[in-house]
Amino acid sequence: MTVTVRVPAKVNVQLAVGAVRPDGFHDLANVFLAVGLYDEVTVAPADELRVTCSGPGADQVPLDRSNLAARAALALANRTGRVPHVHLHIAKDIPVAGGMAGGSADGAGALLACDALWGTGATRAELLELAAALGSDVPFSLVGGAALGTGRGERLRELPVGGAFHWVFALADGGLSTPAVYREFDRLAAGRDEPVPPPVASGALLTALRDGDPTALAATLGNDLQPAALSLYPSLADTLATGTKAGALAALVSGSGPTTAFLTADATAARTVADALLDSGTCRAARVAQAPAPGATVLG
Ligand SMILES: C[C@](O)(CO)[C@H](O)COP(=O)(O)OP(=O)(O)OC[C@H]1O[C@@H](n2ccc(N)nc2=O)[C@H](O)[C@@H]1O
Ligand SMILES: Nc1ncnc2c1ncn2[C@@H]1O[C@H](COP(=O)(O)OP(=O)(O)OP(=O)(O)O)[C@@H](O)[C@H]1O
């Protein structure tokens with residue numbers, strides 16, 4: 001028997017970052033939106049725990065026990081008294097180290113797939129607690145749709161979304177390390193006179209999401225990690241400018257980057273922006289995707 005779970009990528013439509021906490025994490029007001037780019041995690045019984053990976057960037061994904069899918073299987077087995085002898089296969093389509101929660105998606109996918117394979121009977125709350133222990137973005141990968149994440153981003157309140165949003169994602173060469181981007185955020189903050197304000201979700205942004213209004217959403221998008229990502233990867237500014245010139249309603253760095261995200265008015269505008277980004281040579285690839293997308297889902 002095998003179980004396959006499909007899990008979406010995310011873009012942060014608002015990422016408000018507070019000061020660094022004593023535990024090294026930052027308090028966030030993190031408005032997640034799941035987008036229609038997916039990894040698939042397939043689990044099957046095996047003689048020992050084994051991870052394989054295929055798809056773009058698969059060579060950069062660790063196949064040992066540091067892989068988030070492996071860690072998820074081990075955590076669930078430990079919690080429910082199972083032996084974690086499974087083969088996990090990850091079919092990657094979410095850019096690796098791209099700021100779109102690819103590893104988190106695989107962690108959430110493996111949790112749900114192993115849960116279904118083993119019939120653990122774990123509750124949704126237990127799966128969410130295990131997910132939060134794996135990483136700040138992992139609970140959202142389970143939930144999908146749109147949600148406000150507080151704390152380090154792991155405490156979720158699901159949000160209503162009133163329509164489809166059309167996005168383009170420009171994939172960059174190489175990746176950015178999430179801890180390095182947060183460290184750069186701290187370095188830039190230390191150079192300013194005012195302390196970092198507490199992170200607060202924008203009411204106007206939540207209304208724009210609820211109304212399914214891309215123009216209003218474009219006016220309220222924001223990513224406090226963007227200056228840090230641009231500082232570490234300055235040429236992203238050219239990619240952002242190219243998409244804006246091609247008619248995107250708004251352009252921003254996705255999470256910790258280096259993927260850049262472009263909100264467009266409709267599917268036609270999305271295609272135009274994607275073509276312009278590709279022609280410009282300011283990115284490695286451009287992908288069109290709709291949001292919101294459902295969270296981790298067992299297929300078949
Ligand atoms: C940038 C985002 O993707 C936006 O959704 C997330 O905040 C990062 O989430 P993630 O990759 O799941 O991060 P984790 O695996 O929990 O943490 C990795 C590292 O990122 C930094 N980190 C992460 C989340 C947070 N609220 N504050 C942080 O400072 C810490 O250095 C931490 O050691
Ligand atoms: N299943 C996995 N898929 C991809 N990377 C993984 C996985 N498990 C562990 N990693 C490690 O995590 C690092 C970050 O990869 P990931 O694709 O999750 O980045 P990201 O999308 O920028 O993350 P986030 O948006 O959550 O900050 C990789 O460089 C890799 O070493």
Side-chain angles (χ1 to χ4, degrees), residues 8-17 31-38 55-57 60 92-102 163-178 180-181 184-185 188 202 205 208-209 212-293:
K10 58 84 178 162
V11 62
N12 308 87
V13 288
Q14 185 189 5
L15 183 49
V17 181
V31 184
F32 293 101
L33 182 63
V35 302
L37 293 178
Y38 302 94
Q60 296 146 54
K92 268 239 154 267
D93 197 33
I94 304 174
V96 176
M100 298 191 76
F165 292 100
H166 298 268
W167 290 86
V168 180
F169 295 94
L171 279 43
D173 283 319
L176 277 175
S177 142
T178 303
V181 174
E184 183 66 1
F185 172 90
L188 295 174
S202 151
L205 180 126
L209 272 180
D213 181 342
T215 309
L217 184 63
T220 52
L221 291 173
N223 179 359
D224 286 353
L225 290 183
Q226 182 159 316
L230 286 173
S231 167
L232 297 175
Y233 202 138
S235 66
L236 294 181
D238 299 333
T239 322
L240 292 171
T242 302
T244 305
K245 205 168 139 224
L249 299 173
L252 83 171
V253 169
S254 179
S256 52
T259 303
T260 42
F262 303 86
L263 180 60
T264 62
D266 52 37
T268 309
R271 211 44 277 160
T272 305
V273 169
D275 290 344
L277 283 163
L278 263 186
D279 288 348
S280 73
T282 61
C283 62
R284 168 168 69 78
R287 299 288 304 272
V288 166
Q290 280 194 40

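Remember, it's a predicted structure, so these values are computed and weren't measured experimentally.
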> Excluding sequence neighbours, so at least two apart, what forms ring-ring contact (aromatic ring centres under 6.0 Å, His included) with F32?
Replying inline: F140
>> Working note: H166 + V288, criterion side-chain contact (heavy atoms from CB on, under 4.5 Å); need CA distance, chi angles, decisive distance, verdict.
In response: CA-CA 8 Å; H166 298 268; V288 166; over 6 Å; no
Atom [atom1] of [X] and atom [atom2] of [Y]: how far apart are they, to the nearest 0.5 Å?
{"X": "T264", "Y": "D266", "atom1": "OG1", "atom2": "CG", "result": "6.5 Å"}
{"X": "L37", "Y": "K92", "atom1": "CG", "atom2": "NZ", "result": "11.0 Å"}
{"X": "T215", "Y": "L263", "atom1": "OG1", "atom2": "CG", "result": "8.0 Å"}
{"X": "F262", "Y": "T272", "atom1": "CZ", "atom2": "OG1", "result": "14.0 Å"}

For the residue pair [X] and [Y], what are the closest heavy atoms and their distance?
{"X": "A274", "Y": "A286", "result": "O-CB, 3.7 Å"}
{"X": "A229", "Y": "V181", "result": "N-CG1, 4.2 Å"}
{"X": "L277", "Y": "S280", "result": "O-OG, 2.6 Å"}
{"X": "P95", "Y": "L171", "result": "CG-CG, 4.0 Å"}
{"X": "A269", "Y": "A265", "result": "CB-N, 4.2 Å"}
{"X": "I94", "Y": "Y38", "result": "CG1-C, 3.9 Å"}

>> Between E184 and S231, do the side chains contain a donor N or O and an acceptor N or O under 3.5 Å apart?
In response: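 Judged by distance alone, the side chains do pair up.
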> Would you say the side chains of T259 and S254 form a donor-acceptor pair under 3.5 Å?
Replying inline: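 Side-chain D/A pair, T259 to S254: absent.
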> Do L33 and W167 touch side chain to side chain, with heavy atoms closer than 4.5 Å?
Replying inline: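 Counting from C-beta outward, L33 and W167 do come under 4.5 Å.
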> Taking C-beta and beyond as the side chain, do T239 and C283 meet within less than 4.5 Å on heavy atoms?
Replying inline: yes
> Has the side chain of Q60 got a donor or acceptor atom that lies under 3.5 Å from a matching backbone atom of V96?
Replying inline: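 Checked: no pair found.
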> Between N223 (side chain) and G255 (backbone), is there a donor-acceptor pair under 3.5 Å?
Replying inline: yes
>> Run L225 and V253 through side-chain contact (heavy atoms from CB on, under 4.5 Å) and show every step you take.
In response: CA-CA 8 Å; L225 290 183; V253 169; over 6 Å; no
>> Applying salt bridge (charged side-chain N to carboxylate O under 4.0 Å, His left out) as the test, list every pair that has at least one member in residues 282-292; sequence neighbours left out.
In response: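 Output for this query lists D93-R287.
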> According to the salt bridge (charged side-chain N to carboxylate O under 4.0 Å, His left out) rule, which pairs have a member within residues 165-177, sequence neighbours left out?
Replying inline: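 Every candidate salt bridge (charged side-chain N to carboxylate O under 4.0 Å, His left out) pair involving residues 165-177 fails, so no pair, neighbours aside, qualifies.
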>> With side-chain contact (heavy atoms from CB on, under 4.5 Å) as the test, pick out the partner of V31 among L221, N12, L15, L209.
In response: L209
> When you look at V11 and F169, which way does the side-chain contact (heavy atoms from CB on, under 4.5 Å) test go after all the steps?
Replying inline: CA-CA 9 Å; V11 62; F169 295 94; 4.0 Å; yes
> Between L252 and T260, is a side-chain contact (heavy atoms from CB on, under 4.5 Å) present by the stated rule, with each step listed?
Replying inline: CA-CA 6 Å; L252 83 171; T260 42; over 6 Å; no
